[in-house]
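Numbering of residues begins at 1 and proceeds along the displayed sequence. As the structure is a computational prediction, the values presented were derived from the model and not from experiment. Just follow the structure's listing: the first ligand is 1, and inside any ligand the first atom is 1.
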Amino acid sequence: MLSGRTVAVGVSGGIAAYKACELVRWLKARGSAVIVVMTRGAAEFVTPLTFQTLSGNPVVHDLWGDQSPGFDLPQGAARKVGGKVGHVDVAEAADVLVIAPATANLIARLVHGEAPDALTSVALASRSPLIVCPAMDVEMWRNPVTQANVRTLRARGAIVVGPESGPLASGLEGPGRLADIETIGQAVEEALVRRASLEGVRVLVGAGRTEEPIDPVRVLTNRSSGKMGFALAEGARDRGAEVTLVAGPASIDPPERVKRVGVATAAEMEKAMVEASRSAEVVLMAAAVADFRPRRVSTRKVKRDGSLELELEPNPDILARLASMRRKGQVLIGFALETEQGLRRARAKLQEKGVDLIVLNAPGEAIGSDTNRVTLVEARTARRLPVLSKREVAEEILDRALELRAARGGAGRAGRARQVAARTVPTPRARPAAPRRVAARREAR
Ligand code: CTP
């Protein structure tokens, strides 16, 4: 997996910087080209010469230094290096950027898009998968600011690996240790597999809410934010898919670099989805379609004189229609929002609508939130996931869509994706643990 690939290893200024030497060796041993990008703080812990020797490439640590230091890279990556602007060259050449260790300060800068040094500039210029491996003292990790920053990175699609719990350099004990090198290395492999897993596959996503006009001013709608559908579109795009996003109104901006078809009503959404589904190989219907629309739309603003009765008629079931015209081998995934008897109703929808998988969620956990807790419901299985960012939920759904596609003979790289995923140790999640004082207490010094 790593042979012929280029990995940019970002090192920021924490004591765990020395462990990044092992990561570079791990990656090199598996055939990857490595470019190390260091912050000034990192160079206080480990010299650039160490990383240069281990990686076999010049180390980028000065935004203002030599802009074309002459990297030794695989052909594909070498072609992308313009040799004019160092941090842009690294961002273009790297198939993945892994930052290990990532200090609290570095994470905060990533969140805010600050780029005062070479590493943050590479991160800002990069479109490749970003793996962030936090390492810091326990209270810095547990600080709500850091926790919020990490959530933001996850929501934007970064893969966060670690930290692990154990004794820390400060003398405290708790979460804050850099994840195991093997775990980080496997996350790099998995990111590489995922990155190409939908190369050239046509993916259609329905997202956002619909609005059904009552008069020129008012609409019937719902509280859906569009975040889940947009996360799916971003995830598919980042895996190399050709994404068409049919989007109703939403509370956030739609993703870049996808083909976007804007709609407002369910009827418009139906037309756009039907049209786009003719060529789509994977269809993901996350839109919150209004179930009813006013039978008559007033051309004038309805006045507040007396009471108002609206007669509603049902909207078409778009997902059921898509299922009825499904192309051979097409994977079709829908959602279900239920307040009660979720599993039973999701199963019923799976059957009635004729889809491969229903993503079951509840309004309290799904609507408007950046996170979601879903169950992936299929004919014979139901897999409940933990609370994840919507982007992480999207990745789980896309992984499963790939497996379903492979099962239908649509093959691709899903099989391999599955193998790597199975080998990858799940990312330890932030679980605040009480810091325990160990023998050498800081105050005693
Ligand atoms: N859906 C659709 N067209 C509709 C209503 C829903 O395509 N008119 C899709 C949604 O995008 C979702 C799935 O059907 O993928 C289930 O939506 P949900 O609102 O949970 O269920 P409904 O089919 O609307 O049924 P009910 O509201 O009675 O639970």
- Query: For atom 19 (O) of ligand 1, is the nearest protein heavy atom closer than 4.0 Å?
  - Reply: no
- Counting only non-hydrogen atoms of the protein, does one fall under 4.0 Å from atom 24 (O) of ligand 1? yes
- Just by distance, with hydrogens left out, do Gln186 and Thr183 show a side-chain donor and acceptor under 3.5 Å apart? no
- Item | Arg209 side chain vs Ser224 backbone, donor-acceptor pair below 3.5 Å | yes
- For ligand 1, is there an N or O atom under 3.5 Å from any N or O atom of Ala290? no
- Item | Over all atoms of both residues, closest heavy-atom pair of Val7 and Leu2 | CG2-CD2, 4.0 Å
- Message: So, applying side-chain contact (heavy atoms from CB on, under 4.5 Å) with Val355, which one of Val377, Ile333, Leu350 is it?
- Response: Leu350
- Message: List ligand 1 atoms under 4.0 Å from Asp317, heavy atoms only on the residue side.
- Response: 2 (C), 3 (N), 4 (C), 7 (O), 8 (N)
- Test side-chain hydrogen bond (donor to acceptor under 3.5 Å, both in side chains) on Thr152 and Asn149 and set out the steps. CA-CA 5 Å; Thr152 303; Asn149 285 340; 5.1 Å; no
- Is the closest basic N to carboxylate O distance between Arg400 and Glu403 below 4.0 Å? yes
- Task: Return the residue, atom name and 0.1 Å-rounded distance of the protein heavy atom closest to atom 21 (O) of ligand 1.
- Result: Lys349 NZ, 2.9 Å
- Message: Minimum distance, heavy atoms only, to atom 11 (O) of ligand 1: which one of Ala287, Ala348, Ala320 is it?
- Response: Ala287
- Message: Taking 4.0 Å as the limit for heavy-atom contacts, which would you say applies to Arg345 with ligand 1: side chain only, backbone only, both, or neither?
- Response: neither
- Check the pair Thr210 / Glu212 against side-chain hydrogen bond (donor to acceptor under 3.5 Å, both in side chains), numbers first and verdict last. CA-CA 7 Å; Thr210 65; Glu212 310 299 330; 3.1 Å; yes
- Under 4.0 Å from ligand 1, counting heavy atoms only, is it the side chain of Leu319, its backbone, both or neither? both
- Taking only heavy atoms of Gly334 into account, list the atoms of ligand 1 that are under 4.0 Å away from them. 15 (O)
- Answer with yes or no whether Ala266 contacts ligand 1, where contact means a heavy atom under 4.0 Å from a ligand atom. no
- Item | Check: Lys353 N/O within less than 3.5 Å of ligand 1 N/O | yes
- With heavy atoms only and a cut-off of under 4.0 Å, state how Pro316 meets ligand 1: side chain, backbone, both or neither. backbone
- Query: Ile318 to ligand 1: N or O pair under 3.5 Å?
  - Reply: yes
- Item | Atoms in ligand 1 flagged as close to Ala336, the criterion being non-hydrogen separation under 4.0 Å | 20 (O)
- Task: Carefully, step by step, assess Arg239 and Ser197 under the rule side-chain hydrogen bond (donor to acceptor under 3.5 Å, both in side chains).
- Result: CA-CA 6 Å; Arg239 291 169 183 241; Ser197 62; 3.2 Å; yes
- Message: In the structure I gave you, are the side-chain heavy atoms of Val98 and Cys133 within less than 4.5 Å of one another anywhere?
- Response: yes
- Message: Does any N or O of ligand 1 fall below 3.5 Å from an N or O anywhere on Phe335, backbone included?
- Response: yes
- Would you say the side chains of Thr120 and Asp117 form a donor-acceptor pair under 3.5 Å? yes
- Query: Looking at atom 28 (O) of ligand 1, what's its closest protein heavy atom, distance included?
  - Reply: Asp291 OD2, 4.7 Å
